Amino acid sequence: MQPRKIIIDTDPGQDDAVAILLALASPDEIDLLGITCVAGNVPLALTARNARMICELAGRPDIAVFAGCDRPLGRALVTAEHVHGKTGLDGPTLPEPQMPLQPQHAVDFIIDTVRANPPGTITLCPLGPLTNIATALARAPDIAARLQEIVLMGGAYFEVGNITPAAEFNIYVDPQAAKAVFAAGVPLVVMPLDVTHKALVTAERNAAFRNLGTPVGIAVAQMTEFFERYDREKYGSLGAPLHDPCVTAYLLAPHLFSGRHVNVEIETMSELTMGMTVADWWRVTDRPANAMFMGQIDAQGFFDLLTQRLARL
Ligand code: BDR
Ligand code: CA
């Protein structure tokens with residue numbers, strides 16, 4: 001089978017970094033056409049820097065990295081240095097990237113790539129706020145029908161919120177963008193906190209990364225060690241939740257995940273619940289299903305896959 005053509009849209013972030021590394025470690029299944037960066041965990045200049053540092057860590061300076069939108073559609077940018085550190089990628093000491101940032105805007109790259117490929121062959125993998133994706137869909141509505149799928153990390157139902165009591169970070173940062181993406185009619189797979197809070201890096205799993213003994217394995221161990229402190233303190237959890245790698249793992253091993261095909265709407269009016277993902281998990285409305293909203297993960301299967309693949313880099 002041909003590898004699946006994807007674009008990763010991202011705001012690295014340590015967990016974004018691991019998601020990118022997992023994709024780069026899986027060329028038989030994933031053809032990574034480019035990485036588009038967005039403002040989120042940290043401002044755009046840093047996410048565009050961090051994405052290139054990760055490509056270089058993986059020995060892939062040939063990957064095309066694009067900078068996109070530097071702020072949400074209708075709100076001021078909210079960042080998450082309190083989770084990811086000042087650079088967004090605190091933990092390992094990595095060299096400043098040498099590879100260039102592409103001159104084209106990320107949104108133009110997304111539009112051109114979807115139009116240049118046969119319908120149904122491109123999958124978008126957003127790992128941050130949905131600003132670039134919504135902007136591309138608004139500027140070129142024809143691309144919606146040409147996409148194979150959007151597989152994203154964002155939202156929550158049972159876990160409710162992490163950045164506010166009601167909202168998950170990626171959706172909260174740009175709720176207007178999220179609303180547009182969830183209404184676009186594109187097949188959607190959603191990895192909410194309900195899944196990602198079960199994908200925890202325990203001490204044993206972290207040791208498995210470190211014991212790979214490679215620059216990638218050691219850097220991943222250092223990254224997850226850095227950002228686990230936040231979730232340990234807040235939730236008392238065992239370690240860092242690997243939110244974004246759930247997206248790339250789904251492309252490789254969808255059987256590790258299960259959920260429900262339900263209606264998901266985004267709250268954009270109420271300041272109190274801004275960015276809430278109102279998932280009709282119990283199917284109590286007749287609103288049409290628009291997303292495969294995941295709820296469960298085989299966490300050990302996920303970490304086994306991740307560790308085996310990282311060993312290839
Ligand atoms: C999401 O927000 C970011 O902090 C992480 O990278 C992930 O994409 C989790 O809420
Ligand atoms: Ca992210």
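Since this is a predicted model, take the numbers as computed values, not measurements. Read the numbers this way: they start at 1 and go in the same order the structure lists the ligands and their atoms.
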Novice: Looking at ligand 1, is there an atom of it that comes within less than 4.0 Å of some heavy atom belonging to His84?
Specialist: yes
Novice: Which heavy atom of the protein is the closest neighbour of atom 3 (C) of ligand 1, given with residue, atom name and distance?
Specialist: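 Residue, atom and distance for the closest contact: Asn41 OD1, 3.1 Å.
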Novice: Run the salt-bridge test on Asp280 and Arg260 with the 4.0 Å N-O cut-off and return the result as yes or no.
Specialist: no
Novice: Return yes when atom CZ of Arg71 has more than 12 non-hydrogen atoms of other residues, nucleotides or ligands closer than 6.0 Å, and no otherwise.
Specialist: no
Novice: Just let me know how Thr196 lines up against ligand 1, side chain, backbone, both or neither, with a heavy-atom cut-off below 4.0 Å.
Specialist: neither
Novice: Whether the Asp304 and Gln308 side chains hold a donor-acceptor pair (N or O, under 3.5 Å, no angle test) is what I'd like checked.
Specialist: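 Short answer, no.
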Novice: Please give me the minimum heavy-atom distance between Ala58 and Val216, naming the atom from each residue.
Specialist: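 It is CA-CG2, 4.5 Å.
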Novice: With heavy atoms of Asp15 as the reference, note each atom of ligand 1 found under 4.0 Å away.
Specialist: 5 (C), 6 (O), 7 (C), 8 (O)
Novice: Just heavy atoms, cut-off under 4.0 Å: does Asp16 contact ligand 1 by side chain, backbone, both, or neither?
Specialist: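 Asp16 to ligand 1: side-chain contact only, backbone stays beyond 4.0 Å.
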Novice: So with a 6.0 Å cut-off around CD of Glu204, is the heavy-atom count from everything else above 12?
Specialist: no
Novice: Report yes if some heavy atom in the side chain of Glu29 is under 4.5 Å from a heavy atom in the side chain of Arg309; otherwise report no.
Specialist: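 Side-chain contact under 4.5 Å: yes.
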Novice: In terms of atom number and element, which parts of ligand 1 are under 4.0 angstrom from non-hydrogen atoms of Leu127?
Specialist: 8 (O)
Novice: How are the rings of His84 and Phe227 set relative to one another: parallel (under 30°), tilted (30 to 60°) or perpendicular (over 60°)?
Specialist: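 His84 and Phe227: parallel rings.
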Novice: Any N/O of His243 closer than 3.5 Å to an N/O of ligand 1?
Specialist: no
Novice: Any non-hydrogen side-chain atom of Arg49 less than 4.5 Å from a side-chain atom of Leu44?
Specialist: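 Side-chain contact under 4.5 Å: no.
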Novice: Just do the side-chain hydrogen bond (donor to acceptor under 3.5 Å, both in side chains) check on Asp11 and Thr47 with the steps written out, would you?
Specialist: CA-CA 5 Å; Asp11 62 337; Thr47 64; over 6 Å; no
Novice: For ligand 1, which atoms sit closer than 4.0 Å to a heavy atom of Glu168?
Specialist: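 Per the distance check, 1 (C), 2 (O), 9 (C), 10 (O).
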Novice: So which protein N/O/S atoms does the Ca ion (ligand 2) have within less than 3.0 Å?
Specialist: Asp11 OD1, Asp16 OD1, Asp16 OD2, Leu127 O, Asp244 OD2
Novice: For atom 8 (O) of ligand 1, which protein heavy atom lies nearest, and how many Å away is it?
Specialist: Asp244 OD1, 2.7 Å
Novice: Look at atom CG of Asp286 and say whether more than 12 heavy atoms of other residues, nucleotides or ligands are closer to it than 6.0 Å.
Specialist: no
